[in-house]
Amino acid sequence: MTMTATMTRLDNWKEIRQRFEKSKHRRQFQFGEAEREYVSSRGMDIIRRHASDFVRKRLRPANPRNDGRQTPTKGHPVFIAQHATATCCRKCLSKVHRIELDRPLTDDEAAFAVNVIVQWIADQMNTPST
């Protein structure tokens, strides 16, 4: 499946988010106080740059190094968001977002992954701490 420009704008964010909410595994990833503080202190523009950099280096290649193990589960808010949104490895991108394996991500697909990550982070920042 090739991503369309419409999908990169997340016009269907509600539908995408519902897929994550149905998954017990994806729901377990939530921000703690440290992640909230990190995002607040740096701002969403910096977080978007970090997400873009991680996607470019760790997901964009056809067969990324250590695929399936390249994204830590903690240590950076973007890492947590990647696991929560199934943008942590090519296998998850394929399974959840139907992005083909064994070829580099297109510009639209990479932008889609970044947008999903950033939107999830924005949602976390707008959700009261538990």
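Just so you know, residue 1 is the first one in the sequence shown, and it goes up from there.
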Novice: Is any side-chain heavy atom of Cys92 closer than 4.5 Å to one of His25?
Specialist: no
Novice: Measure across Leu59 and Cys89 and return the closest heavy-atom pair with its distance rounded to 0.1 Å.
Specialist: CD2-CA, 3.5 Å
Novice: When you measure from the side chain of His76 to the backbone of Val78, do you find a donor-acceptor pair of N or O atoms at a distance under 3.5 Å?
Specialist: yes
Novice: Kindly give the heavy-atom pair with the smallest separation between Met125 and Ser40, and that separation in Å.
Specialist: CE-OG, 3.3 Å
Novice: Which pair of heavy atoms, one from Glu100 and one from Arg90, lies closest together, and at what distance?
Specialist: O-NH2, 2.7 Å
Novice: Applying the 4.5 Å side-chain criterion to the ILVMFWY set and letting contacts propagate, would Ile46 and Phe54 be lumped into a single cluster?
Specialist: no
Novice: Output yes when a side-chain donor or acceptor of Glu35 lies under 3.5 Å from a complementary backbone atom of Gly32, and no otherwise.
Specialist: yes
Novice: Show the nearest heavy-atom pair for residues Phe31 and Pro77, with the distance to one decimal.
Specialist: CZ-CB, 3.5 Å
Novice: Please give me the minimum heavy-atom distance between Val96 and Arg19, naming the atom from each residue.
Specialist: O-NH1, 2.9 Å
Novice: Could you measure the distance from the OG1 atom of Thr127 to the CZ atom of Arg36? Nearest 0.5 Å is fine.
Specialist: 6.5 Å
Novice: Check the pair Arg103, Glu109 against salt bridge (Lys or Arg N to Asp or Glu O under 4.0 Å), reporting the backbone distance first and the verdict last.
Specialist: CA-CA 11 Å; Arg103 65 164 178 74; Glu109 290 165 340; 2.6 Å; yes
Novice: Any idea how Phe29 and His83 line up, ring-wise: parallel (<30°), tilted (30 to 60°), or perpendicular (>60°)?
Specialist: parallel
Novice: Is there a path from Leu101 to Leu105 through hydrophobic residues (I, L, V, M, F, W, Y) whose side chains come within less than 4.5 Å of each other?
Specialist: no
Novice: With rounding to the nearest 0.5 Å, note down the distance linking CH2 in Trp120 to CD1 in Ile16.
Specialist: 15.0 Å
Novice: Please lay out, stage by stage, how Phe20 and Thr85 fare under the test side-chain contact (heavy atoms from CB on, under 4.5 Å).
Specialist: CA-CA 6 Å; Phe20 309 140; Thr85 62; 3.7 Å; yes
Novice: Is any NZ, NE, NH1 or NH2 atom of the basic residue among Arg17 and Asp123 found under 4.0 Å from an Asp or Glu carboxylate oxygen of the other?
Specialist: yes
Novice: Between Arg27 (side chain only) and Glu21 (backbone N and O only), is there a donor and an acceptor less than 3.5 Å apart?
Specialist: yes
Novice: Any sub-3.5 Å donor-acceptor pair from Asn115's side-chain atoms to Ala111's backbone N or O?
Specialist: yes
Novice: Give me each pair satisfying salt bridge (Lys or Arg N to Asp or Glu O under 4.0 Å) with a member in residues 47-56, each pair once, sequence neighbours excluded.
Specialist: Asp53-Arg56, Asp53-Lys57
Novice: Could you give me the CA-CA distance, side-chain angles and deciding distance for Ser94 and Ile99, then say whether side-chain contact (heavy atoms from CB on, under 4.5 Å) is met?
Specialist: CA-CA 4 Å; Ser94 175; Ile99 296 175; 5.8 Å; no
Novice: Quick one: CD1 on Ile47 to CD1 on Ile121, what's the gap to the nearest 0.5 Å?
Specialist: 6.0 Å
Novice: Provide the closest heavy-atom pair for Thr71 versus Cys88 in the form atom of the first, atom of the second, distance.
Specialist: OG1-O, 2.7 Å
Novice: Determine whether Val55 and Ser52 make a side-chain contact, defined as any pair of heavy atoms from C-beta on separated by less than 4.5 Å.
Specialist: no
Novice: Once you round to the nearest 0.5 Å, how far does NE2 of His97 lie from CZ of Phe112?
Specialist: 5.0 Å
Novice: Under 3.5 Å, is there a donor on one side chain and an acceptor on the other for Gln124 and Gln30?
Specialist: yes
Novice: Taking Tyr38's backbone N and O only, do any of them form a donor-acceptor pair with Ser41's side chain (distance below 3.5 Å, no angle check)?
Specialist: yes
